[in-house]
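Treat the numbers as computed from the prediction; the structure is a model and nothing was measured.
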Amino acid sequence: MQERPYCPRCGSVRVVKSGHARGKQRWLCRRCQYQFTRRDDHETPEAVKQTAVTLYGYGLSLTAVGRLLGSCAQSVMRWVCGYVDQHCPKPDPEPIPIIEIDEMWHYLDRKTNRVWIWKAYDRSNDRLIDWECGNRDEATFRRLFSRLERWHPRLYCTDDYVVYHNVLPVGRHYVGKSLPSRRRGMKACGWSATTAANDTGWLPAVAAPSWCRDPGR
């Protein structure tokens with residue numbers, strides 16, 4: 001009988017079999033829901049990990065990078081996250097007027113297995129300031145929101161997703177954001193939202209007016 005491994009993320013022994021990846025047994029941790037492949041025979045060379053990060057940075061999907069390097073999407077995501085944690089620290093909080101929030105997803109092996117990435121942007125300087133990985137649910141967004149409050153934003157600009165209405169403070173939530181050219185959209189929509197916030201104090205969560213949309217549409 002195959003010995004059950006420990007979860008490499010939380011150390012729990014509550015793991016169960018979860019299919020196979022490239023002929024190797026995959027495991028699912030019941031405690032933290034982390035999926036992993038036991039690899040006691042060897043460690044992936046650092047050069048392979050760096051190649052994976054580079055290919056992903058050039059726009060290849062997690063699955064495509066894994067196939068090219070003889071690995072899997074979960075391993076590529078772990079290498080990319082490790083690189084970001086080591087070399088791309090999140091900026092220190094400072095007062096900013098407007099934070100734009102958006103969420104995107106990646107497939108992991110199959111279409112039913114998604115990981116959601118919540119991103120927060122500083123509209124005035126066009127930069128990514130924080131992010132959170134997990135599900136597209138309120139619990140995941142609350143983890144991000146608790147850190148964003150340290151930036152003391154006047155407004156949160158989002159789409160019309162129900163989680164934002166449940167979590168963001170009334171009077172500091174504005175439904176509307178830049179489209180689809182981020183740099184050009186931020187200059188137009190960001191300036192308008194900032195001006196309105198200065199004039200009225202706070203804005204209610206209402207639909208974006210016509211002057212806050214991309215003029216090219």
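- Of the possible polar contacts, one joining the Tyr161 side chain to the Arg136 backbone as a donor-acceptor pair under 3.5 Å is found.
- Heavy atoms only, all atoms of each residue included: Val167 and Glu138 are closest at CG2-CG, 3.6 Å.
- Annotation: side chain of Val76 is not in contact with side chain of Leu55 (no heavy-atom distance under 4.5 Å).
- Between atom CG of residue Leu28 and atom OH of residue Tyr34 there is a gap of 11.5 Å, rounded to the nearest 0.5 Å.
- Side chain of Arg172 to main chain of Pro153: a donor-acceptor pair is present (N/O by atom type, distance under 3.5 Å, no hydrogens or angles).
- Of the candidates Tyr174, Phe145, Tyr164, Tyr156 forms a ring pair (Phe, Tyr, Trp, His ring centres under 6.0 Å) with just one, namely Phe145.
- Between Gly171 and Leu155, the shortest heavy-atom distance links the atoms O-CD2, 4.3 Å.
- The heavy-atom pair separating Val15 from Trp27 by the smallest distance is CG2-CE3, 4.0 Å.
- In the hydrophobic clustering of ILVMFWY residues, with side-chain heavy atoms under 4.5 Å counting as a link, Tyr58 and Val53 come out apart.
- To the nearest 0.5 Å, atoms CZ (Arg123) and CD (Glu100) are separated by 4.5 Å.
- Put simply, the side chain of Thr140 gets close to the backbone of Asn135: a donor and an acceptor are under 3.5 Å apart.
- Taking 4.5 Å as the limit, every side-chain heavy atom of Ile117 sits out of range of all side-chain heavy atoms of Glu103.
- Considering only heavy atoms from C-beta on, Ile98 comes within 4.5 Å of Cys157 through its side chain.
- No donor-acceptor pair closer than 3.5 Å links the side chain of Arg67 to the backbone N or O of Ala64.
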Practice problem: Report the C-alpha separation of Val65 and Val80 in whole Å, then their side-chain angles, then the decisive distance to 0.1 Å, and conclude whether the side chain to side chain contact (heavy atoms under 4.5 Å, CB included) test is met. | Solution: CA-CA 11 Å; Val65 175; Val80 171; over 6 Å; no
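- No more than 12 heavy atoms of other residues, nucleotides or ligands sit less than 6.0 Å from atom CZ of Arg30.
- Taking both residues in full, the closest heavy atoms of Ser18 and Gln25 are given as N-NE2, 3.6 Å, listed atom of the first, atom of the second, then distance.
- Residues Ser146 and Arg143 approach most closely at OG-O, 2.8 Å, considering heavy atoms.
- Pro91 places a side-chain heavy atom less than 4.5 Å from the side chain of Arg127.
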Exercise. With salt bridge (charged side-chain N to carboxylate O under 4.0 Å, His left out) as the test, would you mind laying out the steps for Asp102 and Lys119 before giving the verdict?
Key: CA-CA 5 Å; Asp102 201 0; Lys119 298 182 178 181; over 6 Å; no
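- Asn166 CG: more than 12 foreign heavy atoms inside a 6.0 Å radius.
- Lys90 places a side-chain N or O within donor-acceptor distance of the main-chain N or O of Trp131, the cut-off being under 3.5 Å.
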Practice problem: Applying side chain to side chain contact (heavy atoms under 4.5 Å, CB included), run through Leu168 and Phe141 and close with a yes or a no. | Solution: CA-CA 10 Å; Leu168 295 176; Phe141 177 61; 3.8 Å; yes
Exercise. Could you give me the CA-CA distance, side-chain angles and deciding distance for Asp130 and Ile99, then say whether side chain to side chain contact (heavy atoms under 4.5 Å, CB included) is met?
Key: CA-CA 10 Å; Asp130 206 342; Ile99 290 180; over 6 Å; no
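- Annotation: the span from Glu132 atom CD to Ile101 atom CD1 amounts to 12.0 Å, rounded to 0.5 Å.
- Summarising the geometry of Val175 relative to His165, their closest heavy-atom pair is CG2-CE1, 3.9 Å, with the distance given to 0.1 Å.
- Taking CZ from Arg26 and CZ from Phe36, the interatomic distance works out to 9.0 Å, rounded to the nearest 0.5 Å.
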